Amino acid sequence: MKAVAIRPGTPDSVHLQDIPRPSVNDVEGGVGVLVKVLKVGVDATDREIAEALYGNAPEGDDFLIIGHECFGIVEEVGPNVRGLKPGDYVTATVRRPGGSIYDLIGTNDMTSEETYYERGINLRHGFMTEYFVDDQEFIVRVPAGLKHLHVLQEPMSCAAKAIHQAYEAQRRMKVWSPKLAYVIGSGQIGLLATLSLKLRGLEVYTLSRSEAPNLKASIVEGLEATYVSTKKTPMKELVEKTGKPDLIIDATGYSPIAFEAMECIGHNGVVVWTSITGGERTAEVPSDKINIEWVLGNKLLLGSVNANRTHFEMGIRDLALGDVMYPGVLENILTNPVDGMDNHAEMMRLLVEDDDALKVYVNVADE
């Protein structure tokens with residue numbers, strides 16, 4: 001069967017790869033789930049892997065199948081699978097276990113090991129193929145009523161985790177009850193974080209470089225949040241108008257503004273960094289000012305990457321509630337479909353060249 005892959009270490013090596021079709025018996029213990037892939041989303045991570053900035057092939061292969069945002073339908077299950085059956089819509093988690101205690105208890109996203117395993121990213125093949133098989137532990141059922149949001153399940157899990165982790169960490173404050181939040185960045189993670197925060201009842205400002213009117217602004221406004229162009233109102237000026245926020249989620253992929261967020265957060269507040277910056281950019285920061293304000297203000301900086309099954313389930317609940325609360329809004333994130341894996345060149349063109357391509361995804365197959 002066909003797959004879309006890259007050759008790690010070789011820029012611009014995206015190509016079609018022939019691979020064997022998997023079987024439920026490839027997973028020991030009768031807990032294998034064979035999934036027919038319907039759609040796969042791609043994002044900046046896939047672009048950077050294609051640019052050979054990171055990504056490693058599984059042992060024994062000289063290629064890495066890309067794609068970590070999947071949506072499919074169960075084709076077959078092993079005899080010991082529970083809770084899944086042929087015909088169910090599903091997505092799959094991305095991180096796979098290593099050997100740390102965190103991996104052993106199902107929190108693979110919190111591994112303490114330097115080497116990590118992620119499908120479509122590092123040392124494990126991804127989902128940009130016709131079929132894949134995996135252990136039932138990593139397959140998450142998606143309600144049929146959410147199939148129109150298909151590849152948003154994985155990015156939603158990342159947004160849900162970032163916010164959940166902030167609340168978990170702030171149990172230290174005993175009575176922390178945030179009212180004001182900034183989301184920096186209006187890509188898919190930023191927009192989905194905006195949704196999750198609105199569902200928690202916060203006043204949310206979503207910051208973006210782009211000036212309104214545009215699609216991102218209309219989505220933010222459709223979620224009853226406030227869209228702010230930093231070209232017109234830089235973050236520090238916004239703070240003068242709103243007061244310092246209790247929570248800031250950075251989803252920009254731009255490290256200078258991630259550090260700027262540290263100057264804007266309020267007392268007892270949390271800044272969560274979710275973006276991966278794989279370059280070598282440096283920035284000058286007022287380190288003494290940040291240091292004293294953070295110590296005296298009991299402020300917290302939190303890094304959040306990837307998500308485990310619990311966060312996927314949280315994210316699916318947020319998508320379901322959000323789709324009811326704000327009907328027709330979330331599907332506007334799904335901007336750029338590409339028909340078929342054969343069109344992988346167009347997929348990459350959209351990722352690299354089209355600044356208006358909010359969410360690129362590949363229609364791999366029909367049901």
Side-chain angles (χ1 to χ4, degrees), residues 1-29 31-37 40-72 75-76 78 90-100 102-104 106-140 151 154 157-158 276 278 305-309 312 341 344 347-348 351 362 364:
M1 64 180 187
K2 294 187 295 185
V4 177
I6 59 99
R7 296 182 183 88
T10 303
D12 304 319
S13 63
V14 178
H15 65 281
L16 281 180
Q17 180 81 34
D18 287 326
I19 61 172
R21 176 172 163 154
S23 162
V24 289
N25 298 321
D26 294 343
V27 179
E28 295 180 357
V31 292
V33 179
L34 179 67
V35 177
K36 178 183 179 181
V37 178
V40 178
V42 289
D43 62 8
T45 298
D46 299 284
R47 184 183 67 234
E48 291 166 357
I49 290 172
E51 293 170 353
L53 297 180
Y54 50 86
N56 294 289
E59 185 177 356
D61 287 332
D62 61 359
F63 64 92
L64 172 68
I65 299 170
I66 62 172
H68 58 280
E69 302 174 353
C70 75
F71 177 76
E75 183 105 337
E76 184 183 356
V90 292
T91 186
T93 64
V94 180
R95 185 69 67 89
R96 293 294 174 269
S100 79
Y102 303 101
D103 298 289
L104 297 177
T107 56
N108 315 319
D109 54 316
M110 307 294 273
T111 187
S112 57
E113 297 184 329
E114 292 293 329
T115 300
Y116 61 93
Y117 304 91
E118 289 181 335
R119 294 201 63 155
I121 299 174
N122 198 55
L123 298 173
R124 293 291 183 269
H125 287 309
F127 304 116
M128 189 78 76
T129 185
E130 296 176 63
Y131 294 87
F132 71 87
V133 70
D134 215 330
D135 190 306
Q136 65 176 351
E137 177 183 352
F138 308 119
I139 305 296
V140 185
V151 299
E154 193 277 338
S157 74
C158 296
I276 303 296
V305 63
N306 212 288
N308 63 42
R309 184 186 185 91
F312 270 77
M341 291 185 288
H344 56 79
M347 174 192 80
M348 293 307 304
L351 275 180
V362 177
V364 175

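Because the structure is predicted, anything quoted here is derived from the model rather than measured. The first residue of the sequence shown is numbered 1, and numbering continues consecutively from there.
Closest approach of Gly99 to Glu113, counting heavy atoms only: N-OE1, 3.0 Å. The shortest non-hydrogen separation linking Arg95 to Tyr117 is CD-O, 3.2 Å. Of all heavy-atom pairs spanning Val42 and Glu69, the tightest one is N-OE1, 3.8 Å. Shortest non-hydrogen contact noted between Phe132 and Ile139 is CE1-CD1, 3.8 Å. Taking both residues in full, the closest heavy atoms of Leu351 and Arg47 are given as O-NH1, 3.5 Å, listed atom of the first, atom of the second, then distance. Contact detail for Val362 and Met341: the closest heavy-atom pair is CG1-N, 4.1 Å.
The OG1 atom of Thr129 sits 10.0 Å away from atom CG of Leu16, with the distance rounded to the nearest 0.5 Å. Going from atom CG of Asp103 over to atom CZ of Arg96 covers 12.0 Å, rounded to the nearest 0.5 Å. One finds the CG atom of Asp43 at 10.5 Å from the CD1 atom of Ile276 (value rounded to the nearest 0.5 Å). In this structure, Arg309 CZ and Ser157 OG are separated by 12.0 Å, a value rounded to the nearest 0.5 Å. Atom CD1 of Ile66 sits about 11.0 Å away from atom OG1 of Thr45, to the nearest 0.5 Å. Atom CD of residue Glu130 and atom CD1 of residue Ile19 lie 8.5 Å apart, to the nearest 0.5 angstrom.
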Atom pairs and distances, donor-acceptor, side-chain atoms in residues 56-63, under 3.5 Å, two or more places apart:
from	atom 1	to	atom 2	distance (Å)
Asn56	ND2	Asn122	OD1	2.7
Asp61	OD2	His125	NE2	2.8

Between side-chain atoms of residues 1-14 and protein atoms elsewhere (two or more places apart, or another chain), which donor-acceptor pairs fall under 3.5 Å?
from	atom 1	to	atom 2	distance (Å)
Lys2	NZ	Asp342	OD1	3.1
Ser13	OG	Arg7	N	2.8
Ser13	OG	Arg7	O	3.4
Ser13	OG	Thr10	O	2.9

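Residues Arg119 and His68 fail the side-chain proximity criterion, which asks for heavy atoms closer than 4.5 Å. In this structure the side chain of Ile49 reaches within 4.5 angstrom of the side chain of Tyr54, judged on heavy atoms. The side-chain heavy atoms of Ile65 and Gln17, taken from C-beta on, include no pair separated by under 4.5 Å.
Judged by distance alone, the side chains of Asn108 and Asn308 never bring a donor and an acceptor atom under 3.5 Å apart. Looking at Asp26 and Ser23, their side chains never bring a donor and an acceptor atom within 3.5 Å of each other.
Under the 3.5 Å distance criterion, the side-chain polar atoms of Thr107 are matched with a main-chain donor or acceptor of Tyr102.
Just one of Asp134, Thr91, Val133, Val90 meets the side chain to side chain contact (heavy atoms under 4.5 Å, CB included) condition when paired with Val35; it is Val90.
Applying the salt bridge (Lys or Arg N to Asp or Glu O under 4.0 Å) rule to pairs touching residues 15-24 yields Arg21-Glu75, sequence neighbours excluded.
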